[in-house]
Trainee: 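Quick one: this structure, given as structure tokens, is what I'll be asking you about.
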Amino acid sequence: MTDHRIKNVVIVGGGTAGWMAAAALSRFLNNGYTKVTLIESEEIGTIGVGEATIPPLISFNAMLGINENEFVAETQATFKLGIEFVDWGRLGDRYFHPFGSYGQDLQGIHFHQLYLREKMAGPVPDIGDWAISAVAAQRGRFARPGRAAQAPLASLRYAFHFDAALYAAFLRRYAERHGVRRTEGRIEHVALRPADGFVESVRLADGRSIDGDLFIDCSGFRGLLIEEALNTGYEDWSRWLPCDRAIAMPCALAGAEPEAFTRATARRSGWQWRIPLQHRVGNGHVYSSGFCSDDEAERTLRDHLEGEPGGDPRLLRFTTGRRSLAWNRNVVALGLAGGFVEPLESTSIHLVQSGIARLIALFPDKRFLAVERDEYNRQMQSLAERVRDFVLLHYKATERSDSDFWRQCAATAIPDSLAERIELFRAKGRIFAEGAELFSTSSWVAVMLGQHIVPDEYEPVVDALDENLVANAMEQMRRAIDQTVERLPSHGEFIAQCRSTLQAPSQPSALPEFAF
């Protein structure tokens, strides 16, 4: 009987994507016969723009059995409750995209539909008052909900800001402990199998050759295997998302405690990120080179730093889009090698995580069945396109006209998939999940309302609910959130608690949780 099992997996490139893949495969391919080798070169730096994440990363870390407090300490992480958007819809605007949901649905009707009826009847607070993550972020408070937590604390969702280089180093230690072999070296040649064009081996600058059955390309924008060797092709989305450059520069933390949210502030030709970590603030200016020079972009970034610069600026060039096939022959592309959607909604690391999860779910053997590869590509394409549409919504829904950049964004023809969503919401506030949907109904509602896409009406089924009962229920929800948040520690206090558990020998793995 022929043995088709994959014996050698070769990961090309380290960084966040490479070491996430190595850590996950070391966990799930611990079968006694599959070896995982990661090749990286210290001569080649990593991009490392991904310092903000979304909640699914918690599942990834938990899947690996990582102690969350240890992770927070080792990566200088802070907790993230959402993203604050400044000046996106109009100059002077400020809205919050919280993790988790708004309020509670009643009798199967989405909370935001109830809110819309209340809003049309008279003045009501901002919908963010019904999202515990938004209220906690506003007040600088945070706690990790325990397994026995009740509403509304149970609905608090969070993610992390962290130092991407430290995270990669953290995962490297994990992966090497679990058997991954790291090879230092720069790849100079990729050998293809004459019969079918599959990658057979890679040759390093020092002459060593490394064979593999399955190759995972984490080589960054270059796409050493997926593009340079296999000529897979790239689907360019820059006609919809015009930003093609970013300048990143850390600075000192100015406040007493780091905020538990990312801030994205719109500028004349793009936007600026602010990501507070324990030891510094990550900053960057994403912009379109068609509207702004590199020097001008750097000046803009420097003018808005809140503390002393912590290093030289780093310029990144990119083309928004995706590789035509994320999996081609025996190569799977992860991270920047697979494509890039700018970091506005912190999806880069999630796309890596999703690619790894799907690869494990559809893990091949040496026959590389087309049906498995096609299913992987179909799912990754669907996921990437949904992310693209959600990010594009922020640009399309602007009412700014103070610069050529924003006027072009407002006038851009958008994909039908997004246009239909906007029109459905504008009519009666409806959102329907489709395909590999990453963002929840609450996320779409947050950005739509935050950028002034206000429904003309609400769903007719809302009128089946008694107005007074709904109004009372909504007020109870709002007060419960208000009172719960007041009982939480500050964000800085909670981080200190996480770190202290690692310093207390009596409870080295205790996780501070709140369950009221």
Side-chain angles (χ1 to χ4, degrees), residues 9-29 36 38-40 46-64 66 71 75 77 80 159-172 174-175 180 214-227 316 318 320-323 325-328 331-363 376-377 379-388 390-391 436 438-439:
V9 177
V10 178
I11 301 171
V12 172
T16 307
W19 286 111
M20 284 180 73
L25 294 182
S26 71
R27 164 73 175 79
F28 286 98
L29 296 183
V36 179
L38 185 145
I39 305 170
E40 67 176 346
T46 58
I47 300 295
V49 296
E51 294 196 320
T53 62
I54 54 179
L57 187 71
I58 295 172
S59 302
F60 182 81
N61 285 345
M63 177 189 74
L64 297 180
I66 289 173
F71 159 78
T75 64
K80 174 184 172 184
F160 307 100
H161 305 124
F162 56 67
D163 186 315
L166 293 178
Y167 186 49
F170 182 76
L171 292 179
R172 175 183 170 181
Y174 176 100
V180 172
L214 170 66
F215 289 82
I216 300 178
D217 190 344
C218 300
S219 63
F221 291 125
R222 182 181 175 188
L224 180 65
L225 305 184
I226 196 77
E227 194 58 51
L316 310 172
F318 58 86
T320 295
R322 70 175 189 90
R323 202 67 63 187
L325 297 173
W327 180 345
N328 189 4
V331 174
V332 174
L334 293 176
L336 302 178
F340 185 66
V341 178
E342 60 163 82
L344 183 61
E345 282 284 351
S346 311
T347 53
S348 294
I349 289 176
H350 179 77
L351 289 171
V352 174
Q353 176 183 345
S354 295
I356 293 169
R358 285 171 168 80
L359 175 59
I360 291 172
L362 290 162
F363 200 76
Y376 182 91
N377 285 326
Q379 291 187 21
M380 291 304 293
Q381 176 180 349
S382 177
L383 175 64
E385 288 176 349
R386 296 295 177 273
V387 169
R388 175 203 65 197
F390 189 65
V391 172
L438 170 61
F439 292 100

Trainee: Heavy atoms only: give me the nearest A24-F60 pair and the separation to one decimal.
Mentor: CB-CE1, 4.1 Å

Trainee: Nearest 0.5 Å, what's the CG-CZ distance between L438 and F390?
Mentor: 8.5 Å

Trainee: Look at the side chain of S26 and the backbone N and O of A23, then say whether any donor-acceptor pair between them is shorter than 3.5 Å.
Mentor: yes

Trainee: Quick check: does any side chain N or O of Q353 sit under 3.5 Å from a backbone N or O of P56, one acting as donor and the other as acceptor?
Mentor: yes

Trainee: Any chance you could measure M20, atom CE, to I349, atom CD1, to the nearest 0.5 Å?
Mentor: 6.5 Å

Trainee: Parallel, tilted or perpendicular: which one describes the rings of Y376 and W327, with boundaries at 30° and 60°?
Mentor: perpendicular

Trainee: Please answer whether the main-chain N or O of A159 pairs with a side-chain N or O of T53 as donor and acceptor at a distance below 3.5 Å.
Mentor: no

Trainee: F160 and Y167: aromatic ring centres closer than 6.0 Å?
Mentor: no

Trainee: Are the side chain of D217 and the backbone N or O of I226 linked by a donor-acceptor pair below 3.5 Å?
Mentor: yes

Trainee: Going by atom types only, do H350 and S354 share a side-chain donor-acceptor pair under 3.5 Å?
Mentor: yes

Trainee: Consider side-chain contact (heavy atoms from CB on, under 4.5 Å). Of L383, V352, V387, which one does T347 pass it with?
Mentor: V387

Trainee: What's the separation between atom CD1 in I356 and atom CG in L351, rounded to the nearest 0.5 Å?
Mentor: 11.0 Å

Trainee: For the atom pair CH2 (W19) and OG1 (T16), what is the distance rounded to the nearest 0.5 Å?
Mentor: 12.0 Å

Trainee: Hey, is R222 close enough to E227 for a salt bridge, meaning N to O under 4.0 Å?
Mentor: no

Trainee: Look at the side chain of N328 and the backbone N and O of V331, then say whether any donor-acceptor pair between them is shorter than 3.5 Å.
Mentor: no

Trainee: Report the distance from atom NZ of K80 to atom CZ of F162, rounding to the nearest 0.5 Å.
Mentor: 10.0 Å

